[in-house]
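In this text the structure is predicted, and so the values were computed from the model without any measurement. Numbering of residues begins at 1 and proceeds along the displayed sequence.
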Amino acid sequence: MADDPKDMWSKQTEPFRAFFDMQGEAMREMFGQVMPKGMGGENASNPFTQAMPGAEDLEEAVSDMTKAFSPDAMAATMEGAGDMGEWANAAKDMQAMWLHFVSSKTKGDAGEANPMDPAQWMIISEALTKQLPQALITAPQKMAQDTMAVWKGVFEQFLGKGDDAGSALPRKDRRFADPAWQNHPAFALLHQTYLMLAEYFTQAAINVQGIDQEKREQLEFATNSLIEAMSPGNFMLTNPVVLKRTMETKGQNLVRGMRHLITDLQRGQLTHTDPDAFTLGENLAATPGKVVHETPLYQLIQYNPSTKDVLETPLVIFPPWINRFYILDLTPKKSFIKWAVDQGLSVFVVSWKSADASMKDVVWDDYIRAQMDAIDHVRDRLDVPSVHTIGYCVAGTTLAATLAILAARDESDKVQSATFFTAQVDFEKSGELKHFIDDGQLDMVGKLSKDGYLDGRYLAATFNALRGKDLIWNYVVNNYMLGEDYPAFDLLHWNGDVTNLPAKWHGDYLRDLYRDNKLVVPGALQADGTRIDLTKVTTPSFVQAGREDHIAPAESVWRLNRHFAGEVNFILAGSGHIAGVVNPPAANKYQYWTGDSDAPSLADFVDGATVHEGSWWPHWIEWVESKNDSRVPAKGKRKPGGKGDKIIEDAPGRYVKTR
């Protein structure tokens, strides 16, 4: 006797069912707060249906949509359709992959739960809805009225009483741009209700009274994170695009998605790009050069000149050690390093070592000493009195401290100029990262650093959370649900190439700078036996900020102007923390603003600024050349690895490849 299709479906699709149940519960938790009580036929006298003639039809449409994807409906649909075997095979494949993964975890490193597991995001999101302040959940009169207006407006459009449904929906969001979200009344209603709720929750968080500004900002951030997580687009049964793809492929998109998910679970990290598309030294970090100096903390790379003559004063670049240095040496068309070499600069770059247990005692003093060591090594190697320097992000913050120490020791003349890429010294307005800096977070970071270093995947998760819509949920939908392959994207490859951080340095940095803002208090901090006073820095400085930077906000970067005593040339670049820096002239993208660097505030600077289309790199090289435009032949040790020149290895070196 043949198996009952319903029983067959039930047995074979447990992976589907469990996933649907979890997502469905999370959605009910959120939307249950505002869904009209009559939905589901529980209350025939519901005022919602009374206020909207014909609303019963919409209620029936929503109910039909829900029933259409129940296990019983699926079984009935597939019975006699001739393709049930394909669905069963898809379910078997998913189940086999999952059981294999669980088995390997049980036999191997079961250990503590990994907070990086993408599988936990849905569960965390559901839990967060239960922790929001009751004031954000309880619907007062205004939200009830707004809800009614949204539902009534969408419903009338599908009755032909409004304008074209797709173009006339009142709230727009690129996550719901696919026509499938607009062409069916249930999905149109769903995403419009979600967007209305998002507006309400956001405003409610802003309006909460009786808490200080820092806690208010934390509440706003937590609320926005929850809103992003609870988008109906993130849930299979409420995403019409995913449902359509699932039907078209007979579940094969979910099989591919499960494969992606398990791979990420094994890595403990969300994948953003094709991991096999790039190889360091071949199509990334491929500018020719040599490692000419090495310490336990860093390697120093010198790049081969591409011009007959070079500027007399060399350039030393200090990238942040929270990422790999090759953000400045992506593909040749995007490489700042290659571009700088082509302008006639002798370019040196520090490649920091990713922390391991041997670096458990590394503190900020060690990074400051490393910067001074690199400066001295380049000066001695090329027999020059001074160097130009660049500090990016945290390395720029450290460069400011290094300059202060050199000033205190009467050694400022070792650095002819300093350029700061999106670097902060005053952390009062340091943006969304401050939401992760309190005693509880610091204690958690300490517990995660048992071997003396913090796994870089945790920091990557923090940065991803700052833009969860783009860097988390977009990939959950595309790669886990739609089963799409990963793109080959150099920037995303770099973003996922994480580095570990020394625990002592990291804890001190978060406490002393982010939390207590001590760097701008003269003498409050010391390093290498010297007290740090930024007001003693007279080195000519070029400061670049990104207008949309969420990691080092432009207003925070601007404040460096207040603390240095010497020349400061400030420019505001279009875009954010990465694209605002990595913007080659050939791309002809974005813009930048120049103006009065002595203006009282960033707003005053912007009001009086002149906008320039394209990259700010040519403006910067003009400023560098204004300090010293003398050139010398590109020979001798200006060409690393020549006769009699002892080098260690070819660029990009070993440290950048250490995981």
Side-chain angles (χ1 to χ4, degrees), residues 311 313-320 328 336 340 345 347-348 350 367-368 371-372 374-375 378 385-427 429-430 513 519-520 522 532-546 549 552-573 577 580-581 592-602 605 609 616-629:
L311 286 167
T313 305
L315 171 67
V316 184
I317 301 176
F318 299 108
L328 297 176
F336 176 83
L345 279 163
V347 178
F348 293 78
V350 165
Y367 286 104
I368 291 172
Q371 290 192 345
M372 293 190 289
I375 290 168
V378 173
S386 62
V387 301
H388 296 297
T389 57
I390 292 177
Y392 193 165
C393 190
V394 61
T397 304
T398 304
L399 179 59
T402 297
L403 295 176
I405 290 174
L406 291 176
R409 296 174 179 177
D410 198 24
E411 296 177 348
S412 293
D413 57 355
K414 290 183 176 182
V415 179
Q416 190 169 98
S417 77
T419 295
F420 297 88
F421 291 171
T422 63
Q424 304 171 93
V425 298
D426 186 330
F427 289 80
K429 300 289 185 180
S430 55
L513 277 66
L519 184 56
V520 293
I532 298 172
D533 183 352
L534 298 183
T535 65
K536 303 297 184 184
V537 176
T538 58
T539 304
S541 299
F542 185 102
V543 178
Q544 175 268 335
D549 195 332
E555 183 179 358
S556 183
V557 174
W558 164 265
R559 291 184 169 212
L560 186 147
N561 298 19
R562 297 181 179 180
H563 302 288
F564 281 6
E567 169 200 346
V568 176
N569 188 318
F570 180 88
I571 68 110
L572 183 64
H577 197 69
V581 173
Y592 67 97
W593 290 261
T594 60
D596 181 9
S597 298
D598 294 323
S601 68
L602 177 62
F605 170 88
W616 55 268
W617 293 4
H619 178 75
W620 170 80
I621 194 65
E622 289 180 8
W623 180 83
V624 168
E625 290 178 331
S626 74
K627 304 309 168 189
N628 180 7
D629 61 358

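When all heavy atoms of Leu345 and Thr313 are compared, the closest pair comes out as CD2-O, 4.1 Å. Among all heavy-atom pairs drawn from Pro314 and Ser386, the shortest one is CD-O, 3.7 Å. In plain terms, the two heavy atoms of Leu534 and Ala404 that are nearest each other are CD2-CB, 4.1 Å. Taking both residues in full, the closest heavy atoms of Trp623 and Ala418 are given as CH2-O, 4.1 Å, listed atom of the first, atom of the second, then distance. Between Thr422 and Gly546, the closest heavy-atom pair is CG2-N, 4.2 Å. Of all heavy-atom pairs between Ala407 and Ser412, the closest is CA-OG, 3.2 Å.
In this structure, Asp629 CG and Ile621 CD1 are separated by 11.0 Å, a value rounded to the nearest 0.5 Å. With values rounded to the nearest 0.5 angstrom, Ile390 atom CD1 is found 10.0 Å from Gln544 atom CD. The line from CD of Glu555 to CG of Leu572 is 12.0 Å long, rounded to the nearest 0.5 Å. With rounding to the nearest 0.5 angstrom, the CZ atom of Arg559 is 10.0 Å from the OG atom of Ser430. How far CD of Glu567 is from OG of Ser417: 9.0 Å, rounded to the nearest 0.5 Å. Distance CG/Leu399 to CE/Met372: 11.5 Å, rounded to 0.5 Å.
In this structure, the side chain to side chain donor-acceptor pair (under 3.5 Å) partners of Thr398, at least two apart in sequence or on a different chain, are Trp364. For Phe564, the ring pair (Phe, Tyr, Trp, His ring centres under 6.0 Å) partners are Phe420, not counting sequence neighbours. Partners of Ser556 according to the side chain to side chain donor-acceptor pair (under 3.5 Å) rule, which considers only residues two or more places apart in sequence or in another chain, are Gln424. Under the rule for a side chain to side chain donor-acceptor pair (under 3.5 Å), Ser626 has no partner lying at least two apart in sequence or in another chain. The side chain to side chain donor-acceptor pair (under 3.5 Å) test applied to Thr594 returns His612, not counting sequence neighbours. Shown here are the ring pair (Phe, Tyr, Trp, His ring centres under 6.0 Å) partners of Phe318, two or more places apart in sequence or in another chain: there are none.
With a 4.5 Å cut-off on side-chain heavy atoms, His619 and Phe542 count as touching. Two residues are said to be in side-chain contact when any heavy atoms from C-beta on lie closer than 4.5 Å; Phe427 and Thr397 meet this criterion. Within the 4.5 Å cutoff, no side-chain heavy atoms of Asn628 are placed close to those of Leu311. Residues Ile532 and Ile405 are in side-chain contact: their nearest non-hydrogen atoms beyond the backbone lie under 4.5 Å apart. The shortest distance between side-chain heavy atoms of Val557 and Asp549 does not fall below 4.5 Å. Val581 is listed as a side-chain neighbour of Leu328, based on a closest heavy-atom distance under 4.5 Å. Here the side chains of Val387 and Phe348 are not in contact, with every heavy-atom distance at 4.5 Å or above. By the 4.5 Å heavy-atom criterion applied to side chains, Pro553 and Lys429 are not counted as neighbours.
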Verdict with reasoning, Asn561 to Phe605, per side-chain contact (heavy atoms from CB on, under 4.5 Å): CA-CA 12 Å; Asn561 298 19; Phe605 170 88; over 6 Å; no
Verdict with reasoning, Lys414 to Arg409, per side-chain contact (heavy atoms from CB on, under 4.5 Å): CA-CA 11 Å; Lys414 290 183 176 182; Arg409 296 174 179 177; over 6 Å; no
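Note: Phe336 and Trp620 meet the aromatic proximity criterion, with ring centroids under 6.0 Å apart.
In this structure, Trp617 contributes its side chain and Ala340 its backbone to no donor-acceptor pair below 3.5 Å.
Counting non-hydrogen atoms of neighbouring residues, nucleotides and ligands closer than 6.0 angstrom, the CG atom of Asp413 exceeds 12 such neighbours.
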